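This report refers to the structure that appears directly beneath it.
Numbers for residues simply follow the sequence, beginning at 1. Computed from a prediction, not measured in an experiment: that's the story for all the values here.
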Amino acid sequence: MLMRMFDTSDYDRSLRRRRLLALGLLAVGITGLACYILLIHNSGVLPDYARGFYLGAASGISIGAVILLIRMQYLLTHPEARKKAKIREQDEREKAIINQAFQFAGMFTFFAAAASMFVLVAVSMEAALAVLGVVAVYAVVWLIACLYLSKTL
């Protein structure tokens, strides 16, 4: 389902789905901000860095979602801009650059996380297990994506 979200075969439908995705992200950001304001801001239970994380992450997600929502709405209402964006997204060279960038970023992240576990085991077992969880999720998602794409492409 998520992989079909960015299918550009029907570009207008893809933009509408992306707009829904932006609204979902905005809901996540607003939920984070509400949690910060109602539960965390003056609680004194969490240290300052944790409260800062809540505020920063929720604000960043909300701002990014608003920008994405504005962009999708702009493309849906301006046919000339939509045409240019569609051409740019369907350009083979652009697709190859994006695919190689994702491949490199994923490979780098996987190996950096694996290497960081050597340091983390000596410092904090909980942190090492958290990174191990991230590596495991990455591997499982990669496997599922390979299986899905091998059947659909």
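A side-chain donor-acceptor contact under 3.5 Å links T109 to the backbone of A105. Between the side chain of R82 and the backbone N or O of L75 there is at least one donor-acceptor pair closer than 3.5 Å. Proximity of a side-chain donor or acceptor of R51 to a complementary backbone N or O of L46 within less than 3.5 Å is detected. The backbone N or O of L120 lies less than 3.5 Å from no partner atom in the side chain of S124, so there is not a single donor-acceptor pair. Within the 3.5 Å criterion, the main-chain N or O of G56 finds no donor-acceptor partner in the side chain of S59.
Between C35 atom SG and L55 atom CG the span is 12.5 Å, to the nearest 0.5 Å. Taking CG of L15 as the reference point, atom CG of L20 lies at 11.5 Å (rounded to 0.5 Å).
Between K86 and E94 there is no salt bridge, since none of the side-chain N atoms of the basic residue sits less than 4.0 Å from a carboxylate O of the acidic one.
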Is there a side chain to side chain contact (heavy atoms under 4.5 Å, CB included) between I70 and L68 once you walk through the steps?
CA-CA 5 Å; I70 290 170; L68 184 62; over 6 Å; no
After noting the C-alpha distance and the side-chain angles of Y11 and Q90, does the key distance pass the side-chain hydrogen bond (donor to acceptor under 3.5 Å, both in side chains) rule?
CA-CA 10 Å; Y11 196 66; Q90 292 179 342; over 6 Å; no
Full working for side chain to side chain contact (heavy atoms under 4.5 Å, CB included) between D12 and R16:
CA-CA 6 Å; D12 290 340; R16 287 191 299 276; 3.6 Å; yes
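By the 6.0 Å contact criterion, OH on Y138 is enclosed, its count of non-hydrogen atoms from other residues, nucleotides or ligands being greater than 12.
Checked against side chain to side chain contact (heavy atoms under 4.5 Å, CB included), A139 has no partners two or more places apart in sequence or in another chain.
The same ILVMFWY cluster, assembled from side-chain heavy atoms under 4.5 Å apart, contains both M125 and L132.
Minimum heavy-atom separation, V135 to A113: CG2-CB, 3.5 Å.
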